[in-house]
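Questions regarding the structure given below will be posed in turn.
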Amino acid sequence: MAKAKVLRELLQTPGVHQGPACFDAIGAKLIESAGFPYCITSGFSIAASRLALPDTGFISYGEMLDQCQLIAQAVSIPIIADADNGYGNAMNLKRTVKGFISAGFAGILLEDQVAPKACGHTRGRKVLPREEAVMKIRAAVDARAESGSDIVIVARTDARQAVSLEEALIRCKAFADAGADVLFIDALASVEEMRAFCQVSPHVPKLANMLEGGGKTPILSPKELEEVGYKLAVYPLSLIGVCIKATQRSSSSYNRPKYRMHHSFDLFQFLFEDALTAIKGGGVPPPGSMPSFEEIKDIVGFNAYYKEEERYASSNTNQKA
């Protein structure tokens with residue numbers, strides 16, 4: 001509850017607040033050490049690091065909560081948990097919210113996709129009917145009240161790509177009316193769309209997803225994001241990206257004095273700190289320090305998943321929208 005209060009106070013302070021994403025406890029620790037006021041867990045990165053699988057609904061509530069509990073215990077800064085679509089209907093979502101409250105999270109991010117969900121900025125996303133999506137946010141608000149908690153509810157919609165920008169804007173207004181504390185439209189495709197989003201329910205803070213390495217949304221500096229109207233900026237792939245890149249390279253690639261380390265852990269710590277420095281400087285890690293988003297998707301198995309998905313597709317597969 002104390003961490004939720006800190007996050008709420010942060011939302012009231014001027015400027016855009018940057019929060020890199022972590023997938024394990026040491027990453028969260030390094031984010032805290034770098035001076036960031038909060039961080040967010042990355043469902044994409046946790047699925048990749050824990051299961052070596054794409055973020056397409058494979059990871060379960062129990063697996064996600066188990067990993068996130070370790071992250072929450074490692075740091076004192078507030079953390080927003082990526083809880084996917086709540087792992088079921090409204091009743092399942094209430095259990096999910098209560099679980100993350102008990103684990104000590106300051107915020108929880110919930111999306112409106114059907115099951116199995118799909119990672120943002122990828123193909124095949126489908127969203128729940130609007131009324132059902134809004135009722136799940138109301139269920140999250142009820143779970144918070146029943147727990148005596150003040151956890152920050154971040155409501156995400158994927159309707160921009162699944163349906164239309166207009167539908168995404170309508171949903172965000174409805175989520176705010178239902179009690180969401182922060183709004184998030186994933187995969188907005190231009191600065192003009194980002195501006196339109198920030199004009200919806202202007203009293204409710206907005207979250208920007210600065211997906212590194214080639215996402216659909218323009219990468220803006222914190223100052224630019226503030227001018228557009230955002231309050232939070234998250235960076236989902238930097239840490240997993242530099243981790244993958246470092247693992248791919250042979251140790252001989254690091255013979256230069258800058259990279260001479262006694263232990264592999266020192267090397268990863270150095271690269272993580274480099275990535276965090278780039279974010280703190282208002283940008284993202286340079287292309288050479290991490291694979292592109294397309295490369296990361298291929299490494300964790302998205303392309304293989306799509307091929308296998310087509311094998312089992314039926315005439316009814318794509319009817320729900």
Side-chain angles (χ1 to χ4, degrees), residues 16 19 21 40 42-44 54-57 80 82-86 107-137 140 153-178 180-202 204-220 224-237 284 293-294 296-297 302 306 318-321:
V16 165
I40 186 167
S42 166
F44 180 104
D55 185 19
T56 50
I80 299 171
D82 180 354
D84 296 321
N85 57 8
I108 185 167
L109 189 154
L110 298 161
E111 61 197 42
D112 61 354
Q113 291 192 50
V114 301
K117 57 84 47 99
C119 169
H121 298 254
T122 63
R123 76 187 201 190
R125 279 172 291 164
K126 302 178 182 68
V127 292
L128 295 167
R130 188 194 304 164
E131 183 179 4
E132 185 178 352
V134 174
M135 290 306 295
K136 288 182 75 172
I137 295 301
I153 296 171
V154 182
R156 162 180 158 173
T157 181
D158 286 76
R160 167 60 188 93
Q161 299 296 321
V163 185
S164 67
L165 174 63
E166 180 182 10
E167 176 62 21
L169 297 175
I170 292 170
R171 287 181 182 229
C172 279
K173 172 67 166 59
F175 293 161
D177 292 344
D181 302 295
V182 177
L183 302 175
F184 169 29
I185 300 178
D186 200 27
L188 290 170
S190 68
V191 174
E192 290 71 28
E193 290 188 3
M194 297 165 80
R195 289 187 190 279
F197 167 46
C198 289
Q199 291 170 8
V200 174
S201 300
V204 181
K206 310 299 191 299
L207 181 148
N209 185 25
M210 296 288 93
L211 192 142
E212 315 88 319
K216 297 181 183 299
T217 304
I219 300 292
L220 303 181
E224 291 170 326
L225 288 170
E226 181 181 8
E227 191 274 328
V228 171
Y230 283 95
K231 180 55 62 177
L232 300 179
V234 300
Y235 304 81
L237 297 182
V284 294
F293 184 42
E294 289 301 319
I296 294 174
K297 286 193 297 180
F302 274 92
Y306 294 143
N318 296 316
Q319 285 188 3
K320 188 172 183 180

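Everything numeric here is computed off the predicted structure, so don't read it as measured data.
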Check your understanding: Rounded to the nearest 0.5 Å, how far does OG1 of Thr157 lie from CG of Asp112?
Key ->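 Rounded to the nearest 0.5 Å, the CG-OG1 separation comes to 3.5 Å.
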**Study point:** Contacts of type salt bridge (charged side-chain N to carboxylate O under 4.0 Å, His left out), residue Asp158, not counting sequence neighbours
**Key:**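 Scan of Asp158 (salt bridge (charged side-chain N to carboxylate O under 4.0 Å, His left out), adjacent residues dropped) gives Arg125, Arg156.
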Review point. So, does Lys206 use its side chain to make a donor-acceptor pair with the main chain of Val204 at under 3.5 Å?
Key: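 Yes: the side chain of Lys206 pairs with the backbone of Val204.
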Review point. In Å and rounded to the nearest 0.5 Å, what is the CG to CD1 distance from Asp177 to Ile137?
Key: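 These two atoms lie 12.0 Å from each other.
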Check your understanding: Phe293 vs Phe44 aromatic rings, parallel, tilted or perpendicular, using cut-offs 30° and 60°?
Key ->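 It falls in the tilted class, 30° to 60°.
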Point to revise | Beyond-backbone contact of Glu224 with Pro218, side-chain heavy atoms, under 4.5 angstrom | key: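 No, too far: nothing below the 4.5 Å cut-off.
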Point to revise | Sidechain N-carboxylate O distance under 4.0 Å for Arg195, Glu192 | key: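 Salt bridge absent between Arg195 and Glu192.
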Point to revise | Heavy-atom side-chain contact between Cys172 and Ile185 under 4.5 Å | key: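 Yes, their side chains come closer than 4.5 Å.
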Practice item. Only counting residues at least two apart or in another chain, list the ones meeting salt bridge (charged side-chain N to carboxylate O under 4.0 Å, His left out) with Lys117. Key: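 For Lys117 the salt bridge (charged side-chain N to carboxylate O under 4.0 Å, His left out) partners, ignoring immediate neighbours, are Asp55, Asp84, Glu111.
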Review point. Between Arg171 and Val134, does a side chain to side chain contact (heavy atoms under 4.5 Å, CB included) hold up when you go through it step by step?
Key: CA-CA 8 Å; Arg171 287 181 182 229; Val134 174; 6.0 Å; no
Point to revise | Test item: Val234 and Phe184 side chains (from C-beta on) under 4.5 Å apart, heavy atoms | key: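 Side chain of Val234 against side chain of Phe184, heavy atoms only: no contact under 4.5 Å found.
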Point to revise | Chi angles and distances behind the side chain to side chain contact (heavy atoms under 4.5 Å, CB included) call for Thr217, Asn209 | key: CA-CA 8 Å; Thr217 304; Asn209 185 25; 6.0 Å; no
Point to revise | Pair Leu165-Leu188, side chain to side chain contact (heavy atoms under 4.5 Å, CB included): steps then yes or no | key: CA-CA 8 Å; Leu165 174 63; Leu188 290 170; 3.8 Å; yes
Practice item. Answer whether the closest heavy-atom distance between the side chains of Met210 and Leu225 falls below 4.5 Å. Key: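 Yes - at least one pair of side-chain heavy atoms lies under 4.5 Å apart.
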Exercise for review: Find out whether Leu211 and Leu237 are in side-chain contact, i.e. whether some heavy atom of one side chain is under 4.5 Å from a heavy atom of the other.
Suggested key: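 They are in contact (side-chain heavy atoms under 4.5 Å apart), so the answer is yes.
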Practice item. Report the C-alpha separation of Leu220 and Glu227 in whole Å, then their side-chain angles, then the decisive distance to 0.1 Å, and conclude whether the side chain to side chain contact (heavy atoms under 4.5 Å, CB included) test is met. Key: CA-CA 10 Å; Leu220 303 181; Glu227 191 274 328; over 6 Å; no
Point to revise | Heavy-atom side-chain proximity of Val228 to Phe197 below 4.5 angstrom | key: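 No. Closest side-chain heavy atoms not under 4.5 Å.
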Check your understanding: Is there side-chain contact between Lys216 and Gln161, with at least one heavy-atom pair below 4.5 Å?
Key ->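 In short, these two side chains touch, coming nearer than 4.5 Å.
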